[in-house]
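Single-structure report; data block below.
By convention in this document, chain letters (A, B, ...) are assigned in the order of the sequence lines, proteins followed by strands, and residues within each chain are numbered from 1.
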Amino acid sequence: MLQVYNTLSRVKEPFKPLKAGEVSIYACGPTVYNFPHIGNYRTFLMTDNIVRTLEYLGYKVTLVMNITDIDDKTIRDSGIAGVSLKDFTEKYTQEFFRGLDMLNIRKASFYPRATDNVEGMIELARKLIEKGLAYEKGGSVYYRISAFPEYGKLSKINFDEIKIGASVDVDEYDKDNPRDFALLKASTPEEIERGIFYESPWGKIRPGWHTECSVMSMKEFGPTLDIHTGGVDLIFPHHENEIAQSEGATGKPFVRYWMHGEHLIVEGEKMSKSKGNVFTLPEIVEKYGGEVVRFMFLSVHYRKKLDYSEPFAENAKNNYLRLKETLDNLDFALRSADESEYPGDREILEVLPELETQFKEALEDDINTPKAITVFRELSRSANRYLETGKNREVLEKTHALYRRFADVLGLFTAAGEEEKVPDVVLKLVEEREEARKKKDWASADVLRDKIKASGYIIQDTKEGPNLKKVE
RNA sequence: GCCAGAAUGGCAGAGUGGUUAUGCAUCCGGCUGCAGACCGGAGUAUGUGAGUUCGAUUCUCACUUCUGGCUCCA
């Protein structure tokens, strides 16, 4: 039984979707005004892991992730760049998708854009005004927090104790209460000049930040959805506001399970431009490879801070390569598998189902990927041990199948097992080396091995012949 | 200031009221023509101080430190 930690209750709860066998997930996606950094991707990856786990457990999952393509920053920075808002956000939207591919993050079912849903937001504002939960002022529409008694239930913030003047710019907007937030913002002259505005009953407007998520999730899923994900920093105010908007409008529970991913920090410190420690995904993918980065993220539980550093990444890489090596060796062994019986056959056949159970239980425990990786390593060790002495086809196939399943659930080793074309030149060198080895001409054999290595391939001699591997 | 979470070996990370997984790194052994890969073994840790307990890393309290949130933020 899957258990997930629900931010709303602050405990792990048994997961039961609204509709048996189906899960609806809404994930807060990127604001497309810049290259996303690796911390952003950690959160996107967390959602991917949740989806993959749910599917592994047999659920049919629908994931909706929004693209915020209109807000203060996109408007500001497109203006600075002298580009239309649309062209500007399109560029970074593509950049975002490129990053997802690098990490094997599977695509969501839908990626609604804020600019395509402004009508719905206007509708929501109208409804909230009707219910007395929102008001128009100076051409903007604000949510009246005092009219929603449950405000604060997600973040557990006691608003009486917060010094309002210190943290909220009172002068910026003409609101009844400084904590009230904008559903729709009156357009500025500059925005109107640039054509960034929408007609509404209250004049020209553009959406506020929080409104889109309520509208787009309810558009797809109705008033209540199963899981809503995002980074911990979104708990307040973003998700708190989403609850106020949605539940205020529908009177029904908005989200059943709130799941929040912890932040990624760098060498013990928060990423920030002033510290110069903000990394974009392409930067570190170029250094370590996308799957290694994915593995690195998987090796820390999503509710724990991940402290990125070079030694940490190197460590992850070694761990990753070790697991991959076993898969390669299984692939290699399968080529010479036979039907004979080997002494280790029974033991590993007994252990495989046990490992799968453990793997599943790890993921059922609030998507505990580090624990799942530990089980994966145990499978790796069992497999390696078997490969020392046995090559029974059935055993190898079963072991390989389980290995593959683990890898697929974790989104790893997608390219493994694909036929790689080894250049003929290299193959010829390998042949020559085998000749030399037969003659026990070790000196020539070693020279050839060096040559092969210079061409980018490593040779591993085995009982079944040389196993050729591309240098990572 | 208020709130929340965390503190495990050189590094990363689990679990557990009584022997502290696992991997990387290190050392030793095996396998190997050598190597690689792999297998086996070794050492090294539960922030500090109390309390509960026969016994605590695990429960309680305090302290310290760290990180985050309270304003845009994944």
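Residue A/W209 places at least one side-chain N or O under 4.0 Å from the OP1 or OP2 atom of B/C73. Within the structure, every side-chain polar atom (N or O) of A/R303 is placed at least 4.0 Å from both OP1 and OP2 of B/G5. A close approach under 4.0 Å does not occur between any side-chain nitrogen or oxygen of A/R437 and OP1 or OP2 of B/C34. Put simply, A/R381 has a side-chain N or O that comes within less than 4.0 Å of OP1 or OP2 on B/G40. Between A/N318 and B/A12 there is no side-chain N or O to OP1 or OP2 distance below 4.0 Å. Applying the 4.0 Å criterion to OP1 and OP2 of B/G69, one finds that A/K270 has a side-chain N or O inside that range. At least one side-chain nitrogen or oxygen of A/R179 sits closer than 4.0 Å to the OP1 or OP2 atom of B/U71. Side-chain N/O atoms of A/R10 include none lying less than 4.0 angstrom from OP1 or OP2 on B/C3.
Side-chain polar atoms of A/Q94 and A/E90 form a donor-acceptor pair below 3.5 angstrom. Using a 3.5 Å distance cut-off with no hydrogens or angles, the side chains of A/D226 and A/S24 do pair a donor with an acceptor. In summary, the side chains of A/E291 and A/N104 do present a donor paired with an acceptor at a separation below 3.5 Å, with no hydrogens or angles considered. In the model, A/Y302 has a side-chain atom that pairs as donor or acceptor with a side-chain atom of A/D366 under 3.5 Å.
Annotation: B/A7 and B/G47 have their C1' atoms spaced 6 Å apart (nearest Å). Comparing B/G51 with B/U58, their P atoms sit 14 Å apart, to the nearest whole Å. Between B/U57 and B/G17, the distance separating the two C1' atoms is 10 Å to the nearest Å. B/G15 and B/A74 have their C1' atoms separated by 29 Å, given to the nearest Å. Taking atom C1' on both B/U60 and B/G69, the two are 27 Å apart, rounded to the nearest angstrom. Spacing of P atoms, B/A35 relative to B/G29, comes out at 12 Å, to the nearest Å. For B/G1 and B/U26, the C1' atoms lie 48 Å apart once the distance is rounded to whole Å. Taking the P atom of each, B/C59 and B/A6 are spaced 10 Å apart, rounded to whole Å.
For A/Q460, the listed nucleotide lying nearest its side chain is B/G36; candidates were B/G36, B/C39, B/A14. When distances are taken from the side chain of A/R322 to each of B/C73, B/A12, B/C38, the shortest belongs to B/C38. Of the listed nucleotides (B/G30, B/U22, B/G36), B/G30 has the atom at the smallest distance from the side chain of A/E388. Side-chain proximity of A/D365 to B/A74, B/G40, B/G15: nearest is B/G15. When each of B/U22, B/G15, B/C70 is scored by its nearest atom to the side-chain atoms of A/F236, the top-ranked nucleotide is B/C70. Checking B/C38, B/G15, B/U22 against the side-chain heavy atoms of A/R377 singles out B/U22 as nearest. Distances were taken from every side-chain heavy atom of A/L234 (C-beta onward) to each of B/A37, B/A74, B/C34; the shortest belongs to B/A74. The side chain of A/N315 has B/C11 as its nearest neighbour among B/G15, B/C11, B/G40. Considering only side-chain atoms of A/K73, the nucleotide from B/C72, B/A74, B/C24 that sits closest is B/C72.
Side-chain contact between A/I67 and A/P112 is absent, with no heavy atoms from C-beta onward closer than 4.5 Å.
Among the protein residues, A/N329 comes within range of the sugar-phosphate backbone only, with heavy atoms under 4.0 Å from sugar or phosphate atoms but none that close to a base. Nucleic acid contact class of A/H238 (heavy atoms, under 4.0 Å, all strands): none. Residue contacts for A/I373: at a heavy-atom cut-off of 4.0 Å it reaches no nucleic acid atom on any strand shown. Among the protein residues, A/V232 comes within range of no part of the nucleic acid, since none of its heavy atoms lies under 4.0 Å from any strand.
Distance, A/E378 CD to B/U22 C1': 7 Å, rounded to whole Å. Nucleotide B/C72 holds its P atom 9 Å from the NZ atom of A/K185, rounded to whole Å. One atom, CG of A/L448, and another, P of B/C34, lie 19 Å apart when rounded to the nearest Å. Between the OH atom of A/Y342 and the P atom of B/C39 there is a distance of 20 Å, rounded to whole Å. To the nearest angstrom, P of B/A12 lies 15 Å from NZ of A/K305. Across the protein-nucleic acid pair, A/L321 atom CG and B/A25 atom P stand 10 Å apart, rounded to whole Å. Atom P of nucleotide B/G5 and atom CD1 of A/I235 are separated by 11 Å, given to the nearest angstrom. The distance from atom CZ of A/F181 to atom C1' of B/C72 is 16 Å, rounded to the nearest whole Å.
A salt bridge links A/D365 with A/K12: at least one charged nitrogen is closer than 4.0 Å to a carboxylate oxygen. A salt bridge is absent between A/K371 and A/E361; no separation between the charged side-chain nitrogens and carboxylate oxygens falls under 4.0 Å.
Interface remark: the A/D461 side chain does not form any donor-acceptor pair with the B/G36 base, using a distance-only criterion of under 3.5 Å. Judged by distance alone with a 3.5 Å cut-off, a donor-acceptor contact links the side chain of A/R449 to the base of B/A35. At a cut-off of 3.5 angstrom, the base of B/C39 holds no donor-acceptor pair with the side chain of A/N384.
Comparing A/L306 and A/R433 against RNA chain B, the residue whose closest nucleotide sits nearer the 5' end is A/L306. Of the residues near RNA chain B, A/K469 and A/I38, the one whose nearest nucleotide (by heavy atom distance) lies more toward the 5' end is A/K469.
No more than 12 heavy atoms of other residues, nucleotides or ligands sit less than 6.0 Å from atom CD of A/E341. Heavy-atom neighbours of A/K453 NZ from other residues, nucleotides or ligands within 6.0 Å: at or below the threshold of 12. Atom NZ of A/K391 is surrounded by more than 12 heavy atoms from other residues, nucleotides or ligands within 6.0 Å.
For RNA chain B, each stem of at least three Watson-Crick or G-U pairs (distances under 3.5 Å) is given as range with range: B:1-7 with B:64-70, B:10-12 with B:22-24, B:26-30 with B:38-42, B:47-51 with B:59-63.
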Would you please test A/F96 and A/Y92 for ring pair (Phe, Tyr, Trp, His ring centres under 6.0 Å) and show each step?
CA-CA 6 Å; A/F96 161 69; A/Y92 289 110; over 10 Å; no
Assess the residue pair A/D461 and A/R433 against the criterion (salt bridge (Lys or Arg N to Asp or Glu O under 4.0 Å)); give the C-alpha distance rounded to whole Å, side-chain angles, the decisive distance to 0.1 Å, and a yes or no.
CA-CA 11 Å; A/D461 293 323; A/R433 177 166 173 273; 2.9 Å; yes
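One finds the CG atom of A/N66 at 4.5 Å from the CE atom of A/M216 (value rounded to the nearest 0.5 Å).
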Give each protein N/O atom lying under 3.5 Å from an N/O atom of nucleotides 42-47 of chain B, with the pair distance.
none

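In this structure, A/R10 fails the cation-pi test against A/Y5, since its NZ or CZ atom is not both closer than 6.0 Å to the six-membered ring centre and inside 45 degrees of the ring normal.
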